[in-house]
Amino acid sequence: MGQIGVARLLELIDTHVHLADVRFAADLPEVLFRARHAGVVQFVCVGYDIESSAEAIKLSSTFPDIVAAVGIHPNRSGDALPGTLRELDLLSQSHAVVAIGECGLDYYRNTEPPDVQTEAFIAQLRIAEARGLPVIVHSRDAMEQTLDLIEKFNPGRRGVLHCFDGTVADVSRAVSLGFWISAAGQVTYRRDRTLAEALASVPADRLVIETDCPYLSPAGHRGERNEPSRVRLVADAVAAIRGCSVEQLAAQTTANARRLFGKA
Ligand SMILES: [Zn+2]
Ligand SMILES: [Zn+2]
């Protein structure tokens, strides 16, 4: 019997979008429309300072398929003064908030001294712990230090390493600490084996996907504003690496994201 042409739409969750970015100000409804058409059923809109965190909450009240994460990016950690952290803690109590982040360590751009970054990260791990929320962690050129701090200051140990760009050993340590791994657009343009091997090693119940839009446009779109519809390209690439169908990958990562973020 021939197949009847019923294309079952994949359900994808983009676990890391910056929709409060000014680059989406002019056409956000169209951007969301394209993403939904590509199968995206939920967007985790991530803050990087107080303003973008508050905006993420606002967007979630306008669009029912957006949930919010509130945090201070390591490159903004110089602003993470006690008053700011109190404000963040207040924002974290909004019902739209599913995670604290993004927070972490960035020794690549290194715009803030390591001790300032460390202090801001620890403070946010504590807020996450106190509020019972997972953390969305940004770690660049600082994997060991990042995992050390999680081990020490996040006893609940629930969260995700976003834009993961580490090794098999990093995956193994992060997973043993209770963390999830999030794959982003790098997976579409890397030709070296390290990232592919690392992502292939992630247990099926600990993997999620993201775009980090407007950043990190996948191969074929480099240099353009990235948008959440392209999380499908990430899904395709990760499925190829893991030797599974994109349908399987979508079902797994979507179920994982829902478990990780509760409300997502
Ligand atoms: Zn990041
Ligand atoms: Zn980000």
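We count ligands from 1, going down the list as the structure has it; atoms in each ligand are counted the same way. Heavy atoms only: backbone and side chains are in, while hydrogens, waters and symmetry mates are out. Bear in mind the structure is a predicted one, so any value in this text is a computation, not a measurement.
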task = Answer yes when D89 and R86 have at least one side-chain N-carboxylate O distance shorter than 4.0 Å, and no when they do not.
result = no

request  = Measure from the Zn ion (ligand 2) to every N/O/S atom of D212 and report the name of the nearest one.
outcome  = OD1

inquiry  = Minimum heavy-atom separation for L32 and L19, please, with both atom names.
reply    = CD2-CD1, 3.8 Å

task = Could you check which N/O/S atom of H138 is closest to the Zn ion (ligand 1)?
result = ND1

ask   = Checking only N/O/S atoms, does C163 have one that is under 2.8 Å from the Zn ion (ligand 1)?
value = no

The Zn ion (ligand 2) - name of the N/O/S atom of H16 that sits closest to it = NE2

query = Would you call the rings of F33 and H37 parallel, tilted or perpendicular if under 30° counts as parallel and over 60° as perpendicular?
reply = parallel

N, O or S atom of E102 closer to the Zn ion (ligand 1) than 2.8 Å = yes

message = Please identify which of these residues, R230, E227, R222, R225, meets the side chain to side chain donor-acceptor pair (under 3.5 Å) condition with S217.
response = R230

ask   = For the side chain of R131 and the backbone of Q93, is there at least one donor-acceptor N/O pair under 3.5 Å apart?
value = no

